[in-house]
Amino acid sequence: MSSASPIAEDRAPEGDHRPSQLRQLAAASVGNTVEWYDWYAYSFLAVYFADQVFPKGAGNSLVPLLSSFAVFAVGFFMRPVGGLLMGAVADRRGRRAALTVTILLMGGGSLLVALTPTYAATGVLAPVVLVIARLVQGLSVGGEFAASTTFLVESAGPGRRGLFSSFQYVSTTLGQLLASGTGALLAALLTEHQMGQWGWRIAFLIGALLSLLGLWIRRGARETLPQAPDAAPTAHPAATEQHAARPGLFEGLRRYPRQSLLICGITAGGTIAYYTWTTYLPTYAQVNAGFDKGEALTVGTLSLVFFALIQPLGGLLSDRIGRKPLLLTFALGFAVLAVPLLHLVTDSFATLLLVQCAGMVLLTGYTSIAAAVNAEVFPARVRAAGIGFPYSLTVALFGGTAPYVGTWFKQAGHPDLFPWYVAVLCLVSFFVYLALPETARRPLDG
């Protein structure tokens, strides 16, 4: 592949005032932060609005919470559709076009959640509105990962793909922090009754407004797909040929089936560990150890700050020693330690914080480089859609269902099975990582 690719390097011709790599990083990260704030506000506040939107089962107080987590999982099953459709937009019309659509969809979905009526007032209409809102947000998130992953990695200079990749989860985590911090602040300022009645709606209204901010920031980003309609003019004949024949919707799956399956194997263990440790663990502590709701949110917030800070370290390390050592350490670590770590969860603040931070150190071996590893699997022509569909499908199957599966095991009287479920999936990914070629020092295809 030619070393003069406009994606592989950030050197611009004289007189070309392209935004710097730092500006590219900011455009992707800030917008992604807003996207994920909107998405995660749901999971952090589900314990407050579940009783408002869903009817209680006779004699079982877990029914509304299970229902809200089921809707959380339903949103995930729109993510493969979003990954495919928005990924195709990113491959055909450019990364910026896809990123614009995804953030508008997310803001609209967040506004709809905020306006969801109560079950007492409208009956079954309440959960129907909530489901529609989560389907819209699921479509957005699936497309966001596909477009922002390719945009970030393609914006990186040689030897920096791991570092740039890490900001995918830095910004995702900042979105979680905003959601968790907003929830904790509202819980501190309002009574539990007020939170359950109307306080939770404030967080989703804030998310809708933040989406407009993210949209404005992304306007200044430089397109990284050479054949996109609004990309800077290029003298590369290959880009001209690609523009004449844009990829079809299913071209990535049709032409690269092995790579598509590889994305599934790479993602399976990472997504179950990620959603267990960063999203479900506070609720797991509440349901299984009687942990206080407000304190659980505080522990989640503190551990997420720690998680965000160590992501660039993982990315930098992978640029020096390669991707495989980090992936193998993550997967084997969780396969061995997931069960004992989750069994350590009690109603102790310090213990829960220690368990969550310990898991996040291991998790960084996956999250800090997931974007780079995925992008290095596919050529630029089908990179966004090629990543988006199999990745989002795997996340829907194993990540989005983690809160529901964990709560269901508790309801069924077998809470000890959930840690084993996490460990087994991480072991599967471990064997996939063993078979992966090292791609850290290879030029990015396309």
Side-chain angles (χ1 to χ4, degrees), residues 6-12 16-40 86 90 94-107 140-141 143-179 181-182 206-226 228 230-232 304-305 307-316 318-319 364 367-372 374-375 383-384 444:
I7 293 173
E9 298 181 14
D10 195 46
R11 294 191 297 267
D16 186 354
H17 302 289
R18 294 179 180 178
S20 66
Q21 287 185 333
L22 184 60
R23 185 171 178 181
Q24 292 287 94
L25 195 60
S29 299
V30 174
N32 201 44
T33 297
V34 173
E35 278 268 346
W36 289 95
Y37 167 89
D38 287 348
W39 179 256
Y40 281 113
M86 293 297 104
R95 317 312 189 198
R96 287 203 316 166
L99 291 172
T100 297
V101 175
T102 57
I103 203 164
L104 286 174
L105 286 173
M106 182 57 76
S140 170
V141 166
E144 173 69 19
F145 184 88
S148 63
T149 291
T150 53
F151 180 83
L152 267 174
V153 178
E154 290 171 355
S155 295
R160 298 188 196 175
R161 293 200 302 265
L163 175 61
F164 270 54
S165 169
S166 70
F167 280 87
Q168 177 75 29
Y169 277 91
V170 169
S171 55
T172 297
T173 304
L174 288 177
Q176 286 181 269
L177 279 170
L178 283 174
T182 300
I206 292 172
L209 293 174
L210 287 175
S211 295
L212 297 177
L213 173 64
L215 179 65
W216 176 75
I217 290 173
R218 282 183 167 172
R219 290 179 59 193
R222 171 174 58 86
E223 180 56 61
T224 62
L225 184 68
D230 62 343
L304 284 171
V305 171
F307 185 60
L309 290 174
I310 62 177
Q311 294 309 294
L313 300 179
L316 283 168
S318 81
D319 285 332
T364 297
T367 53
S368 64
I369 57 174
N374 288 338
R383 182 169 291 135
L444 192 63

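Bear in mind that the values here come from a model prediction, so they are computed numbers and not experimental data.
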Start with the C-alpha gap between Q176 and Y37, add the side-chain angles, then the distance that decides, and say whether side chain to side chain contact (heavy atoms under 4.5 Å, CB included) holds. CA-CA 5 Å; Q176 286 181 269; Y37 167 89; over 6 Å; no
Given L212, L215, L210, L174, the one that forms side chain to side chain contact (heavy atoms under 4.5 Å, CB included) with V34: L210
Judged by atom type as modelled, is there a donor-acceptor pair below 3.5 Å linking the side chain of D38 to the main-chain atoms of S211? no
Return the OG1 to CZ distance between T150 and F145, rounded to the nearest 0.5 Å. 9.5 Å
Note: A308 and T173 closest approach over all heavy atoms is CB-CG2, 3.8 Å
Considering non-hydrogen atoms only, spot the tightest contact between T102 and G143 and give its length. CG2-C, 3.6 Å
Exercise: do S140 and E35 side chains pair donor with acceptor under 3.5 Å: yes
Measure from the side-chain N and O atoms of N32 to the backbone N and O of S171, and report whether any donor-acceptor pair falls under 3.5 Å. no
Does the pair T367 and Q311 meet the rule for a side-chain hydrogen bond (donor to acceptor under 3.5 Å, both in side chains), with working shown? CA-CA 7 Å; T367 53; Q311 294 309 294; 2.7 Å; yes
Passes side chain to side chain contact (heavy atoms under 4.5 Å, CB included), I103 versus L99? Steps please. CA-CA 6 Å; I103 203 164; L99 291 172; over 6 Å; no
Closest approach of S368 to T364 (non-hydrogen atoms, all atoms of both residues): OG-O, 2.7 Å
Exercise: do S155 and Q24 side chains pair donor with acceptor under 3.5 Å: yes
Correct closest heavy-atom pair for P312 and V170 would be CD-CG2, 3.9 Å
Rounded to the nearest 0.5 Å, what separation is found between the CG atom of L178 and the CG atom of L304? 10.5 Å
Are N374 and T149 close enough that a side-chain donor and a side-chain acceptor fall under 3.5 Å? no
How long is the span from the CG atom in D319 to the CZ atom in F164, to the nearest 0.5 Å? 10.5 Å
Give a yes or no on whether the backbone of R222 and the side-chain of R96 come within a donor-acceptor separation of less than 3.5 Å. no
I'd like to know if the side chain of S165 reaches the main chain of A372, judged simply by a donor and an acceptor atom lying under 3.5 Å from each other, with no hydrogens or angles considered. yes
Verify, without hydrogens or angle tests, whether S29 (side chain) and A26 (backbone) share a donor-acceptor contact under 3.5 angstrom. no
I would like to know whether E144 and R95 meet salt bridge (charged side-chain N to carboxylate O under 4.0 Å, His left out); could you show each step before the answer? CA-CA 10 Å; E144 173 69 19; R95 317 312 189 198; over 6 Å; no
Please report the shortest heavy-atom distance between S318 and I369, naming the atom on each side. OG-CG2, 3.2 Å
